[in-house]
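Proteins get letters first, then strands, A, B, ... in listed order; numbering begins at 1 in each.
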Protein chains: 2
Amino acid sequence: MPFEQLKLKNQLCHRLYMASNSIARSYRAPLAEINLTYPQYVVMMALWEKDKITIAELIEKTAIDGSALTQILKKMTDKKLLAVIKGEQDKRKRHIQLTNDGQALKLKAAHIPTEIRCKFDSIDATHSLQLMQALDLVINDLKSDNKYEA
Amino acid sequence: MPFEQLKLKNQLCHRLYMASNSIARSYRAPLAEINLTYPQYVVMMALWEKDKITIAELIEKTAIDGSALTQILKKMTDKKLLAVIKGEQDKRKRHIQLTNDGQALKLKAAHIPTEIRCKFDSIDATHSLQLMQALDLVINDLKSDNKYEA
DNA sequence: ATATTTTATTTTGCATGCAAAATAATAATA
DNA sequence: TATTATTATTTTGCATGCAAAATAAAATAT
């Protein structure tokens, strides 16, 4: 069977593409209610866990691309959710700090994970955990990858 | 543990986000060699499987958004990979047809799935199949979703 | 047959994701 | 210490992904 691997049906990558888009899309409506996009929500989640972190730490934690993050943080600053503060010792670094509004938003967002999870008829907690672990393997296998090439 | 579900570590969605971006990123270099982006490659794979299909069929098969697809097809037309042909009976429909160049590219792309698969140390064929099936469940659970909301 | 609705696709506007180049500031070195 | 790397972040340019509005053409209803 030559070219069998070129079929979309056989491609893990295309599944990931579809699943990732689908789930991000299903976050859109709930997030729109609190005026956030998905990446912005990810940034908020990172900061709700640990505030006043560096941009580098935020990149590490969220896996959002740095150049995109700059733009995202600008918009979130405009929305008064956070502030970007120049480092004192090391002036290259910037520290991200939630505003009161930003902190308060956590309450309004608390229901979202549950709401999303309700959409999964086929996937229970155990199943979900297995999936996450499998995805972690994928992520780890590719982590080193994008360095050797360069 | 209130807010536990808001932690990034516990979110399937963020895993999918990271995994999908990672793997798409790792396709970039190999695809650049044949002058394709990932979505363009997906379109080519769909057409290599079945040529002369409608835009609607292409959307169905690739899960690429229609409005994005219009732009993508424009670029691929410029590259002489395919042609967009107005339907004869139903003039609303467009049929996509590979050019000779487009068909020929299949040979140059044949090695890519293997090349990518080599990057997965942790994931064998069985594992990969399980992952794909799990992702199919996610995709199916969300398929109906985005309709009820609207 | 004409008005209305539905379908297929495109256009528009906004928000990323990403590579590459540009900046700015600290660290390392001759 | 002046010079040269190295870091941290931003800017730029291009390619989507997506919702909403616009077009165009076929199907329905009146």
How long is the span from the CG atom in B:Leu36 to the CG atom in B:Leu105, to the nearest 0.5 Å?
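Rounded to the nearest 0.5 Å, the CG-CG separation comes to 5.5 Å.
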Going 5' to 3' along DNA chain C, which nucleotides are the first and last within contact of chain B (any atom under 4.0 Å from a heavy atom)?
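With heavy atoms of chain B under 4.0 Å away, the range is C:dT7 to C:dA19.
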DNA chain D contacts made by residues 55-72 of chain B, counting heavy atoms under 4.0 Å:
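By residue number: B:Ile64, B:Asp65, B:Ser67, B:Ala68, B:Ile72.
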Selection: residues 87-96 of chain A, any non-hydrogen atom under 4.0 Å of DNA chain D
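Here the set is A:Arg92, A:Lys93, A:Arg94.
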For residues 122-135 of chain A, pull every pair meeting salt bridge (charged side-chain N to carboxylate O under 4.0 Å, His left out), keeping only residues two or more places apart or in separate chains.
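Every pair satisfying salt bridge (charged side-chain N to carboxylate O under 4.0 Å, His left out) with a residue in residues 122-135 of chain A: there are none.
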According to salt bridge (charged side-chain N to carboxylate O under 4.0 Å, His left out), does anything in residues 101-113 of chain B pair up with another residue at least two apart or in another chain? List the pairs.
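Listed by first then second residue: nothing to list.
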Beyond-backbone contact of A:Val42 with B:Tyr17, side-chain heavy atoms, under 4.5 angstrom
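A:Val42 does not reach B:Tyr17 side chain to side chain.
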Indicate, with a heavy-atom threshold strictly under 4.0 Å, whether B:Lys86 touches base, sugar-phosphate, or nothing.
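No contact at all - B:Lys86 keeps every heavy atom at 4.0 Å or more from the nucleic acid.
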Does B:Trp48 reach the main-chain N or O of B:Gly102 with its side chain, forming a donor-acceptor pair under 3.5 Å?
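Checked: pair present.
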Base partner of D:dA21, which must satisfy Watson-Crick or wobble distances under 3.5 Å:
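C:dT10 is the nucleotide pairing with D:dA21.
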A:Thr77: which of A:Thr99, A:Ile96, A:Val84 passes side-chain contact (heavy atoms from CB on, under 4.5 Å):
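So, applying the side-chain contact (heavy atoms from CB on, under 4.5 Å) to A:Thr77 and each of A:Thr99, A:Ile96, A:Val84, only A:Val84 qualifies.
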Given A:Lys143 and A:Asn140, is the side-chain contact (heavy atoms from CB on, under 4.5 Å) satisfied, shown in steps?
CA-CA 5 Å; A:Lys143 210 171 254 178; A:Asn140 273 318; 3.7 Å; yes
Show me the donor-acceptor pairs within less than 3.5 Å that the side chains of residues 8-16 of chain A make with the rest of the protein, sequence neighbours left out.
unit_1  : atom_1 : unit_2   : atom_2 : d
A:Asn10 : ND2    : A:Glu4   : O      : 2.8
A:Gln11 : OE1    : B:Tyr27  : OH     : 3.4
A:Gln11 : NE2    : A:Gln5   : O      : 2.6
A:His14 : NE2    : B:Thr62  : O      : 2.8
A:Arg15 : NE     : B:Asp136 : OD1    : 2.4
A:Arg15 : NE     : B:Asp136 : OD2    : 3.3
A:Arg15 : NH1    : A:Lys9   : O      : 2.9
A:Arg15 : NH2    : A:Lys9   : O      : 3.3
A:Arg15 : NH2    : B:Asp136 : OD2    : 3.2

Do A:Leu58 and A:Leu73 pass the side-chain contact (heavy atoms from CB on, under 4.5 Å) test, and can you show the C-alpha distance, the side-chain angles, and the key distance before you say yes or no?
CA-CA 11 Å; A:Leu58 201 49; A:Leu73 290 176; 4.1 Å; yes
